[in-house]
There are 2 protein chains.
Amino acid sequence: MEDTIRRTTTDAVYETLLDEIVSLKILPGTKVSETEIARRFGVSRQPVRNAFTRLGNKDLLLIRPQKATEVRGFSMDRIALARLVRLSVEVEITRHAVMRWNSDCNAELEDNIALQEQAIQAGDLAKFHALDYDFHRSICTLSDNPMAFEVILDCKQKVDRLCMLSLTNDIEAKSVLKDHRGIAEGLASGDLEKALNTTRKHLSRLDQTINFIHDTHPGYFE
Amino acid sequence: MEDTIRRTTTDAVYETLLDEIVSLKILPGTKVSETEIARRFGVSRQPVRNAFTRLGNKDLLLIRPQKATEVRGFSMDRIALARLVRLSVEVEITRHAVMRWNSDCNAELEDNIALQEQAIQAGDLAKFHALDYDFHRSICTLSDNPMAFEVILDCKQKVDRLCMLSLTNDIEAKSVLKDHRGIAEGLASGDLEKALNTTRKHLSRLDQTINFIHDTHPGYFE
DNA sequence: ATGGTAAAACTGGTATCCAAGTTTTGTCAA
DNA sequence: TTGACAAAACTTGGATACCAGTTTTACCAT
């Protein structure tokens, strides 16, 4: 009973465009035409239309009938909402996690943190970001809410798209690592307040970056 | 510059099907065919396909290539996630609200609660549910997070679809009203813990109902 | 009854065509 | 040169027909 969903042409178009938009290879405000994209991928308009619809549902495309479709700009409101939702879920998850924490959980998080340290020392920022990713996913699964990470990821993507405009340095990475240590310590010692406070500080770390980008790239906002 | 988005045929099909699925006029597991729906609405397959895609994105339809499309059953996991997200956001919103609470906020909530009381005494459950709706939206707007209500609403809809299988009585409504009073009192007196605890109790009120439905209607679950 | 095969049904994709709206372009007049 | 206006060239939304690949169904022979 392998109910593996087949990958369709629509999926391919969708995933490629999603990556290009999120990674800012296509900038906000850029007009995208169904026929143009269809030519580029060598497919008909149909799968492109489907992909556009999906991207429109994700607020990444602004589709206006009889007018051009364009890549949506950033919205401070939508970004604030995404951050609020992520913070809310992450806080609640942490609350669940501290209640069912045990030595195995500890080991998993410690392993991850050790790898983060190695990645920073090696200067491998890509690896570090992947581990950052895993760190938060681990907390979700260890708190018995694995699906919650999808929500967090969805929120994270919206913010990440904005933060692509800012270069990340390893000083920042070290601060992030310190936060992760604090959260892990809070969970390990059953200190809920410490875990929560660190989580809040951790997720508010982007405040300055976002405001900076808003000031320096006002054209990308709607 | 009236940028009012035009209503398309796709929108009409989507909204009608959405209502029919959410209100359980179409039961989970029911197979829906593009051509059949197209005939029913007197339109071509095109807008139906678009509508199907949207409903699939909302996890309401299960579309498998080359297989029949069917209305998705309930999933305890997805419902648990929706409830977790709603609780998380509602808790965080309450935290924001209590910080900026003032007499105007109080008045708005008190007005709403008074109307709830009237609706219950008049036995008008539909009105009461609408006011319940407004109560939670008010807290969002008063906490300066108006868009957060869209997230809450999205979560609420997923759970509501399940709860359509259970008849609501007015004893339940009275409990809900009591919760609302508790939340309002907590906010008014600046007692964050009271507001939070009542919110958690309020949102966990459906536990029994959901488990009951899961036991009595196992066929609607996937 | 059972097994196998053929027909029917379903979605995904392609190809045209048209409708309705918007934007660009071009022409002509002042 | 500049302005106004009309035509052409875009855009998406929808309708229709068709094919491919898969799954389901139905029927028939054993």
Side-chain angles (χ1 to χ4, degrees), chain A residues 1-18 20-21 26-73 219 222, chain B residues 1-18 20-21 26-73 219 222:
Chain A
M1 212 237 277
E2 44 4 282
D3 238 7
T4 36
I5 305 290
R6 236 187 73 200
R7 259 181 62 84
T8 64
T9 309
T10 296
D11 295 326
V13 175
Y14 169 76
E15 286 165 17
T16 305
L17 287 179
L18 175 64
E20 291 182 349
I21 293 173
I26 306 180
L27 291 172
T30 305
K31 287 181 182 172
V32 286
S33 150
E34 290 179 358
T35 52
E36 173 209 335
I37 300 294
R39 262 201 312 272
R40 207 190 104 192
F41 283 87
V43 297
S44 71
R45 265 179 68 198
Q46 199 57 43
V48 177
R49 284 169 74 165
N50 295 339
F52 273 29
T53 303
R54 285 196 211 169
L55 292 167
N57 287 134
K58 273 185 92 77
D59 278 335
L60 289 173
L61 284 186
L62 184 58
I63 305 174
R64 289 119 84 204
Q66 282 73 47
K67 273 192 196 175
T69 294
E70 65 180 43
V71 178
R72 264 194 118 160
E222 58 185 22
Chain B
M1 215 237 275
E2 32 28 85
D3 238 10
T4 34
I5 305 290
R6 239 185 72 200
R7 255 182 67 85
T8 63
T9 309
T10 296
D11 293 328
V13 175
Y14 168 76
E15 286 164 16
T16 306
L17 288 180
L18 175 65
E20 291 182 349
I21 293 174
I26 307 180
L27 291 173
T30 305
K31 287 180 183 172
V32 286
S33 149
E34 290 180 356
T35 53
E36 172 209 335
I37 300 293
R39 264 201 310 273
R40 206 189 105 193
F41 283 88
V43 298
S44 72
R45 265 180 70 197
Q46 199 59 40
V48 177
R49 285 170 74 166
N50 295 339
F52 273 29
T53 304
R54 284 196 213 171
L55 293 167
N57 288 134
K58 273 186 93 76
D59 277 335
L60 289 173
L61 285 186
L62 183 59
I63 305 173
R64 289 119 82 203
Q66 279 73 46
K67 280 190 191 174
T69 295
E70 64 180 42
V71 178
R72 262 194 121 157
E222 58 186 22

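In what follows, chains are A, B, ... by sequence order, proteins preceding strands, each numbered from 1.
In this structure, B/Ile37 atom CD1 and C/dC10 atom P are separated by 11 Å, rounded to whole Å. Atom-to-atom, CD of B/Glu70 to C1' of C/dA9 comes out at 15 Å; the value is rounded to the nearest Å. Here D/dC10 presents its P atom at 13 Å from CD of A/Glu36, a figure rounded to the nearest Å. Between A/Phe41 atom CZ and C/dT14 atom C1' the separation is 17 Å, expressed in whole Å. The distance from atom NZ of B/Lys31 to atom C1' of D/dT24 is 7 Å, rounded to the nearest whole Å.
The side chain to side chain contact (heavy atoms under 4.5 Å, CB included) search around A/Gln66 returns B/Arg6, not counting sequence neighbours. In terms of the side chain to side chain contact (heavy atoms under 4.5 Å, CB included) criterion, residue partners of A/Leu27 (sequence neighbours excluded) are, by chain and number, A/Leu24, A/Thr30, A/Tyr220. Every residue was checked against the side-chain hydrogen bond (donor to acceptor under 3.5 Å, both in side chains) condition with A/Thr9, not counting sequence neighbours, and none meets it. Taking A/Glu34 as the reference, A/Arg45, A/Val48, A/Arg49, A/Phe52 meet the side chain to side chain contact (heavy atoms under 4.5 Å, CB included) condition, with sequence neighbours excluded. Here B/Glu15 pairs with B/Arg7, B/Asp11 under the side chain to side chain contact (heavy atoms under 4.5 Å, CB included) rule; sequence neighbours left out.
Inter-residue side-chain proximity for B/Leu55 and B/Tyr14 is flagged as met; some heavy-atom pair is nearer than 4.5 Å.
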Which letter, B, S or -, goes with each nucleotide of nucleotides 12-21 of chain D from 5' to 3', with contact meaning a protein heavy atom under 4.0 Å? BBBBB-B--B

